[in-house]
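Shown next, in structure tokens, is the structure this report addresses.
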Amino acid sequence: MRLIVPLAPALVGLALAGPAVAINYNVDDIERHDDWHSVTLTLGEERHFRALEQTSYSDSILSVNFTPGVCDLPWLEVRVELEEHQPESRVANLVPGDLRVDHETIHSGMAEFITQRGDRGFYVNFYLDTQVQLIDEMRSGQTLRMRFDRGDEDYWFMSFALAGADAAIARAEQQCEAAD
């Protein structure tokens, strides 16, 4: 399998399989889907399947993650690269967040900002009652927009391209189900 150059920076972000787990996983079975990729993360017998977009920002990766045994409960995560390795694992903040695909439903929930000791990134994990609907909308949309309310009308915005999201998410989900 050929590894394209733009994927190389993502390999750092792919080292973590999910929230609050500062473990390096092996990344393989990489497949490109327009702006997205699908990959398999392994560590011994443990496996996770990830669909990710890493072209919208040079320092951030959006991922949809699947774990065998709970393939029907994927989680959405953003990783943002920081300048320094983090001294401790902690929840840095919990803020209201809104996510929207194109002009579809506004999905409101909470966004948890997490750091991992020894990691140069922070992670944003989302708690949404409508996450399954959001992921379905991502599969047919063009752009995912996010808004985080850090208080006192201090908003942080991000947007991610969705070209290839359908194929990448479908492949990660199928691989998860096959691994069950």
Side-chain angles (χ1 to χ4, degrees), residues 7 10-11 13-43 45-57 60-80 91 94 96-102 104-114 116 121-148 158-180:
L7 184 59
L11 294 179
L14 290 173
L16 296 181
V21 182
I23 299 172
N24 289 326
Y25 284 76
N26 297 311
V27 179
D28 52 29
D29 199 16
I30 301 165
E31 190 170 306
R32 185 176 182 159
H33 314 273
D34 294 319
D35 291 335
W36 283 66
H37 289 84
S38 56
V39 301
T40 300
L41 305 172
T42 58
L43 182 63
E45 296 297 314
E46 186 178 349
R47 284 188 289 176
H48 302 275
F49 304 93
R50 175 170 283 176
L52 62 99
E53 195 275 359
Q54 50 120 40
T55 61
S56 293
Y57 298 92
S60 300
I61 299 169
L62 169 67
S63 63
V64 179
N65 305 277
F66 295 87
T67 300
V70 288
C71 297
D72 59 330
L73 299 172
W75 76 90
L76 188 66
E77 180 177 83
V78 173
R79 181 184 192 277
V80 178
V91 174
L94 182 65
D98 298 317
L99 294 92
R100 187 177 195 182
V101 173
D102 302 331
E104 298 296 327
T105 308
I106 297 173
H107 301 273
S108 298
M110 299 302 290
E112 183 177 51
F113 293 70
I114 300 170
Q116 296 298 316
F122 79 82
Y123 298 83
V124 182
N125 295 300
F126 299 93
Y127 301 100
L128 306 167
D129 289 336
T130 57
Q131 187 156 293
V132 171
Q133 180 185 0
L134 172 67
I135 292 171
D136 284 343
E137 291 170 359
M138 288 172 60
R139 294 172 78 146
S140 61
Q142 295 180 4
T143 304
L144 172 64
R145 293 173 181 82
M146 300 177 181
R147 179 180 75 170
F148 306 98
M158 296 185 86
S159 63
F160 292 91
L162 296 175
D166 183 33
I169 292 168
R171 182 172 181 257
E173 184 176 31
Q174 289 166 356
Q175 289 181 304
C176 185
E177 290 169 353
D180 260 351

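No experiment lies behind these values; they were computed from the predicted model shown.
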Does D29 form a side-chain contact (heavy atoms from CB on, under 4.5 Å) with F49? I'd like the steps, not just the answer.
CA-CA 10 Å; D29 199 16; F49 304 93; over 6 Å; no
At what distance, to the nearest 0.5 angstrom, does CD1 of I61 lie from OG of S56?
11.5 Å
Where do D35 and A161 come nearest, in terms of heavy atoms and distance?
OD2-CB, 3.4 Å
As a quick check of understanding, evaluate side-chain contact (heavy atoms from CB on, under 4.5 Å) for V80 and V78, giving each step before the final call.
CA-CA 7 Å; V80 178; V78 173; 4.0 Å; yes
Can you check whether P74's main-chain N or O pairs, donor with acceptor, with N65's side chain at less than 3.5 Å?
no
Counterpart residues, side-chain hydrogen bond (donor to acceptor under 3.5 Å, both in side chains), relative to D98 (two or more places apart):
S108, R147
Would you give the length of the straight line joining atom CE of M138 to atom CG of D136, rounded to the nearest 0.5 angstrom?
10.5 Å
Using the salt bridge (Lys or Arg N to Asp or Glu O under 4.0 Å) criterion, which residues pair with R139? Sequence neighbours excluded.
D166, E173
Can you list everything that forms a ring-ring contact (aromatic ring centres under 6.0 Å, His included) with F160? Sequence neighbours excluded, please.
Y57
Distance-only donor-acceptor check, side chains Q116 and Y123, under 3.5 Å:
no
For the atom pair CD (E112) and CD (E77), what is the distance rounded to the nearest 0.5 Å?
10.5 Å
Check side-chain hydrogen bond (donor to acceptor under 3.5 Å, both in side chains) between Q133 and all other residues, then give those that pass, not counting sequence neighbours.
T105, E137
Least distance between heavy atoms, F66 atom then C71 atom:
CD2-O, 3.4 Å
Report the residues that fulfil side-chain hydrogen bond (donor to acceptor under 3.5 Å, both in side chains) with Q131, sequence neighbours left out, ordered by chain and then residue number.
none
For D129, which residues count as a side-chain contact (heavy atoms from CB on, under 4.5 Å) partner, sequence neighbours excluded?
none
T130: what forms a side-chain hydrogen bond (donor to acceptor under 3.5 Å, both in side chains) with it, not counting sequence neighbours?
H107
pair L162-D34: side-chain heavy atoms closer than 4.5 Å
no
Would you indicate whether the side-chain heavy atoms of V124 and M146 approach each other to under 4.5 Å?
no
For N26, side-chain contact (heavy atoms from CB on, under 4.5 Å) partners two or more places apart:
T42
Given 3.5 Å as the limit, does a donor-acceptor pair link the side chain of R100 with the main chain of E104, or not?
yes
Interatomic distance, L134 atom CG to I106 atom CD1 [nearest 0.5 angstrom]
12.0 Å
Can you name the side-chain contact (heavy atoms from CB on, under 4.5 Å) partners of A168, sequence neighbours left out?
H33, W36, S38, A51
Return the orientation label for the F113 and F148 ring planes: parallel under 30°, perpendicular over 60°, tilted otherwise.
perpendicular
To the nearest 0.5 Å, what is the distance between OG1 on T40 and CZ on R50?
11.0 Å
Between CD on residue E31 and NE2 on residue H37, distance to nearest 0.5 Å:
9.5 Å
Taking all atoms of both residues into account, what is the closest heavy-atom pair of T143 and S159, and its distance?
CG2-CB, 4.0 Å
Check side-chain contact (heavy atoms from CB on, under 4.5 Å) between P96 and all other residues, then give those that pass, not counting sequence neighbours.
M110, D149
